[in-house]
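Remarks on the structure that follows.
All values below were derived from every heavy atom in this structure, side-chain atoms included, with hydrogens, water molecules and symmetry-related copies excluded. Here the structure is a predicted model, which means the values were calculated and not measured.
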Amino acid sequence: MAGVVEQWRERRPDLDLTGMAVFARISRIERIAELRRAEVLDRLGLQSSDVSVLAALWRHPGGLRPLELRRTMLVGSGTLTARLDRLEAAGLLERLPDASDRRGRVLHLTARGSELVPAVVTELLDIENELLAALPPGVRERLCKDLGRLSRDLEQGAGEG
């Protein structure tokens with residue numbers, strides 16, 4: 001990536017290429033991490049979006065209504081329904097009647113799903129921490145804080161537009 005930025009600098013020294021350099025690096029890092037995580041997920045027959053659903057339910061042992069889950073994941077109802085159908089068919093979650101709404105459902109992990117989530121998340125964290133191991137702990141902490149601030153700023157700006 002540095003070569004591309006340098007080529008642009010040579011041809012257009014008047015441009016601020018910081019954004020290109022930062023976002024290209026973020027994208028490349030995410031792609032490398034995604035490929036490594038896929039090794040674990042493929043072995044288990046899962047997708048990264050599946051882990052997001054399962055982990056959200058694991059963090060809410062009392063269950064979540066589909067709308068609550070959709071809000072935490074920022075996805076449309078059709079997208080979520082397809083994920084839920086797939087995970088239910090795999091025996092990892094169940095849709096139980098909602099005691100406060102006869103027509104509603106509450107999503108819960110099955111026993112198998114409850115056992116799977118911590119194991120999968122641990123494997124994924126091991127991969128992510130291994131990828132960051134070349135950076136000293138202080139640099140990792142600073143990077144996490146700086147990216148967190150950028151993320152919050154961008155999310156707030158997106159809500160204003």
Side-chain angles (χ1 to χ4, degrees), residues 1-8 17-61 63-96 105-155 157-158:
M1 180 64 233
V4 172
V5 173
E6 288 308 313
Q7 290 169 347
W8 272 98
L17 301 171
T18 307
M20 177 190 287
V22 168
F23 288 104
R25 286 179 174 103
I26 290 171
S27 179
R28 186 164 176 80
I29 291 165
E30 175 54 24
R31 182 67 184 136
I32 291 166
E34 187 178 300
L35 290 170
R36 292 285 309 281
R37 289 187 297 250
E39 295 169 11
V40 170
L41 298 175
D42 288 348
R43 177 172 41 84
L44 297 169
L46 295 172
Q47 300 172 13
S48 60
S49 59
D50 297 337
V51 175
S52 297
V53 170
L54 296 171
L57 293 174
W58 189 84
R59 293 188 311 269
H60 295 88
L64 287 172
R65 291 173 184 81
L67 181 59
E68 295 168 327
L69 181 60
R70 218 175 81 213
R71 286 182 183 147
T72 66
M73 299 191 63
L74 303 173
V75 296
S77 62
T79 300
L80 182 61
T81 298
R83 289 178 192 170
L84 296 177
D85 289 345
R86 186 174 58 251
L87 294 169
E88 186 175 36
L92 299 173
L93 69 79
E94 56 191 349
R95 295 170 167 121
L96 300 176
R105 295 281 180 249
V106 178
L107 306 168
H108 291 271
L109 290 177
T110 61
R112 183 169 163 235
S114 293
E115 290 175 17
L116 180 68
V117 172
V120 170
V121 170
T122 298
E123 280 192 71
L124 297 176
L125 287 172
D126 288 346
I127 289 168
E128 292 166 352
N129 288 324
E130 178 186 319
L131 291 171
L132 292 173
L135 297 175
V139 173
R140 285 182 286 208
E141 292 166 14
R142 178 64 192 206
L143 182 60
C144 188
K145 286 180 185 176
D146 289 346
L147 289 174
R149 189 176 83 222
L150 176 61
S151 179
R152 283 188 303 277
D153 290 350
L154 292 175
E155 288 171 5

Closest non-hydrogen atom pair between Leu109 and Ser114, with its separation = CB-OG, 3.5 Å
inquiry  = Between Arg95 and Asp85, does any side-chain N to carboxylate O distance fall below 4.0 Å?
reply    = yes
key: Electrostatic pair Arg71-Glu68, nearest N-O below 4.0 angstrom   = no
task = Would you name the heavy atoms of Leu17 and Val5 that are closest together and state the gap between them?
result = CD1-O, 3.6 Å
request  = Any chance you could lay out the side-chain contact (heavy atoms from CB on, under 4.5 Å) test for Asp126 and Glu130, step after step, and finish with the verdict?
outcome  = CA-CA 6 Å; Asp126 288 346; Glu130 178 186 319; over 6 Å; no
request  = State whether the number of non-hydrogen atoms from other residues, nucleotides or ligands found under 6.0 Å of Arg142 atom CZ is greater than 12.
outcome  = no
remark   = Note: Leu69 and Thr72 closest approach over all heavy atoms is O-OG1, 2.8 Å
note = Closest heavy-atom pair, Leu132 versus Arg140, reported as atoms and distance to 0.1 Å, is O-CD, 3.5 Å
query = Hey, are Glu155 and Ser151 close enough side-chain-wise for a donor-acceptor pair under 3.5 Å?
reply = yes
ask   = Would Arg112 and Leu92 satisfy side-chain contact (heavy atoms from CB on, under 4.5 Å), going step by step from the backbone distance to the final call?
value = CA-CA 6 Å; Arg112 183 169 163 235; Leu92 299 173; 4.0 Å; yes
message = Distance check, rounded to the nearest 0.5 Å: Leu64 atom CG versus Arg105 atom CZ?
response = 16.0 Å
request  = Starting at CG of Leu93, measure out to CG of Leu84 and round the result to the nearest 0.5 Å.
outcome  = 6.0 Å
key: Full working for side-chain contact (heavy atoms from CB on, under 4.5 Å) between Val53 and Leu80   = CA-CA 9 Å; Val53 170; Leu80 182 61; 4.2 Å; yes
query = Rounded to the nearest 0.5 Å, what separation is found between the CG atom of Asp50 and the OG atom of Ser48?
reply = 8.0 Å
remark   = CG of Leu154 to CZ of Arg149, rounded to nearest 0.5 Å, is 11.0 Å
request  = Applying salt bridge (Lys or Arg N to Asp or Glu O under 4.0 Å), run through Glu30 and Arg37 and close with a yes or a no.
outcome  = CA-CA 10 Å; Glu30 175 54 24; Arg37 289 187 297 250; 2.5 Å; yes
message = Testing the basics here: between Arg86 and Ser49, what is the closest heavy-atom pair and its distance to 0.1 Å?
response = NH2-OG, 3.9 Å
inquiry  = Run the side-chain contact (heavy atoms from CB on, under 4.5 Å) test on Ile26 and Ile29 for me, step by step, so that the C-alpha distance in whole Å, both residues' side-chain angles and the decisive distance to 0.1 Å come before the verdict.
reply    = CA-CA 5 Å; Ile26 290 171; Ile29 291 165; 5.8 Å; no
remark   = Residues Pro118 and Glu115: closest non-hydrogen pair is CD-O, 3.5 Å
key: Spacing of CD1 belonging to Ile127 relative to OG1 belonging to Thr122, to within rounding of 0.5 Å   = 11.5 Å
